[in-house]
Amino acid sequence: MRAPILTLAETRDFLDREFPQMQAGGRAFHLEAVGPLSARMRMEGQERFLRPGGTVSGPAMMALADYVLYAAILAQIGPVALAVTTSLTFNFLRKPAPGDLLAECRLLKLGRRLAVGEVGITAPGRDDLVCHATGTYAIPPERGG
C-alpha cells in the first residue's frame with residue numbers, strides 16, 4: 001500500500017484554503033483520517049442538512065461523499081486543486097435519522113489521469129450503510145499546487 005503524500009493536517013489545510021465554501025454557515029465537515037488509498041470524514045448533523053420528513057437530505061450526503069473522495073485523492077497525489085469529479089453514482093439504502101454521518105472512502109484505482117473510489121456512509125456507531133457511492137475523478141496531467 002502506498003502511504004499518503006499529504007498528512008491529515010496538510011490535507012485539511014488545503015481543503016480549507018481551496019474550498020472555504022464547504023464550511024460556509026459554520027464548520028460541518030471534519031476530515032478525521034487519511035491513510036493508504038483511504039480517508040474518513042464526518043458531517044455534523046445540522047438543521048441545514050435535513051429535509052422534510054426528518055432525515056438527512058440526499059444532496060448533503062452527496063456533498064459528503066464527493067468531499068471525502070476528493071480528500072482521499074489529494075492525500076495520495078498532493079495538492080492538486082484542478083482534479084475534478086467526472087462521475088458519481090449514489091445508492092441511498094436507508095433513511096438516516098438526523099445526526100452526524102460518517103463517510104469512509106477507499107480508492108479502488110489511482111492512476112496518472114483517473115482515480116476511482118467508493119464511499120460508504122453510516123451513522124456513527126452503526127454498521128449498516130445509509131448510502132453507498134462510487135466516483136471517478138480526472139487528474140490533470142501536471143500535478144502541482
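Starting from 1, each residue takes its place in the sequence as its number.
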### Message
Under a 3.5 Å distance rule, please check whether Glu104 uses its side chain to pair with a backbone N or O of Ile121 as donor and acceptor.
### Response
no
### Exercise: identify the closest heavy-atom pair between Gln46 and Ala28
NE2-CB, 3.5 Å
### Query
Are any of the side-chain heavy atoms of Met22 and Asp66 separated by less than 4.5 Å?
no
### Message
Apply side chain to side chain contact (heavy atoms under 4.5 Å, CB included) to residues Leu6 and Val34 and explain how you reach the verdict.
### Response
CA-CA 8 Å; Leu6 298 180; Val34 295; over 6 Å; no
### Query
Is Leu110 close to Ile139 at the side-chain level, that is, under 4.5 Å between some pair of heavy atoms?
yes
### Task
Keeping the roles fixed (side chain from Thr136, backbone from Ser87), state whether a donor-acceptor pair exists under 3.5 Å.
no
### Message
Check this for me: Asp127, atom CG, are more than 12 non-hydrogen atoms of other residues, nucleotides or ligands nearer than 6.0 Å?
### Response
no
### Joint hydrophobic cluster, Phe92 plus Val130, side-chain heavy atoms closer than 4.5 Å
yes
### Side-chain donor/acceptor of Gln76 to backbone N/O of Gly35, under 3.5 Å
yes
### Message
With rounding to the nearest 0.5 angstrom, report the NE2 to CE distance, His30 to Met43.
### Response
10.5 Å
### Message
Could you measure the distance from the OH atom of Tyr137 to the CG atom of Leu114? Nearest 0.5 Å is fine.
### Response
13.0 Å
#### Entry: Minimum-distance pair of heavy atoms, taken over all atoms of Pro98 and Gly54
CD-O, 3.2 Å
### Query
Going from NE2 on His132 to CG on Leu93, what distance comes out if it is rounded to the nearest 0.5 angstrom?
8.5 Å
### Query
Do Met62 and Leu88 share a hydrophobic cluster, counting only Ile, Leu, Val, Met, Phe, Trp and Tyr and linking them when any side-chain heavy atoms are less than 4.5 Å apart?
yes
### Message
Please say yes or no: joined through hydrophobic side-chain contacts below 4.5 Å, possibly via intermediate residues, are Leu8 and Met41 part of one cluster?
### Response
yes
### Summary
Closest heavy-atom pair, Leu64 versus Ala103, reported as atoms and distance to 0.1 Å, is CG-CB, 3.7 Å
### For Ala65 against Val119, the heavy-atom pair lying closest together
O-CG2, 3.8 Å
#### Entry: Side chain proximity check, Leu69 to Leu107, heavy atoms < 4.5 angstrom
yes
### Message
I'd like to know if the side chain of Arg94 reaches the main chain of Leu129, judged simply by a donor and an acceptor atom lying under 3.5 Å from each other, with no hydrogens or angles considered.
### Response
yes
### Message
Quick check against the 3.5 Å criterion: does Ser38 have a side-chain atom that pairs as donor or acceptor with the backbone of Arg106?
### Response
no
### Task
Evaluate the side-chain proximity of Glu32 to Leu102: yes if any heavy-atom separation is below 4.5 Å, no if none is.
yes
### Task
For residues Asp100 and Arg42, report the shortest heavy-atom separation together with the two atoms involved.
OD2-NH1, 3.3 Å
### Message
Whether the side chain of Glu18 engages the backbone of Val80 through a donor-acceptor N/O pair (distance < 3.5 Å, no angle test) should be reported.
### Response
no
### Query
Do Phe90 and Met61 come close enough that some side-chain heavy atom pair is under 4.5 Å?
no
## Note on the structure
All heavy atoms of Phe29 vs all of Ala63, minimum pair found to be CZ-CB, 4.4 Å
### Query
So, for Phe19 and Tyr70, is the gap between ring centers shorter than 6.0 Å?
yes
### Query
Heavy-atom count around Arg48 CZ within 6.0 Å, excluding the residue itself: above 12?
yes
### Query
Roughly how far, to the nearest 0.5 Å, is CG of Leu15 from CG of Leu74?
6.0 Å
### Task
Give, for atom CD1 of Ile73 and atom OG1 of Thr85, the distance between the pair rounded to the nearest 0.5 Å.
7.5 Å
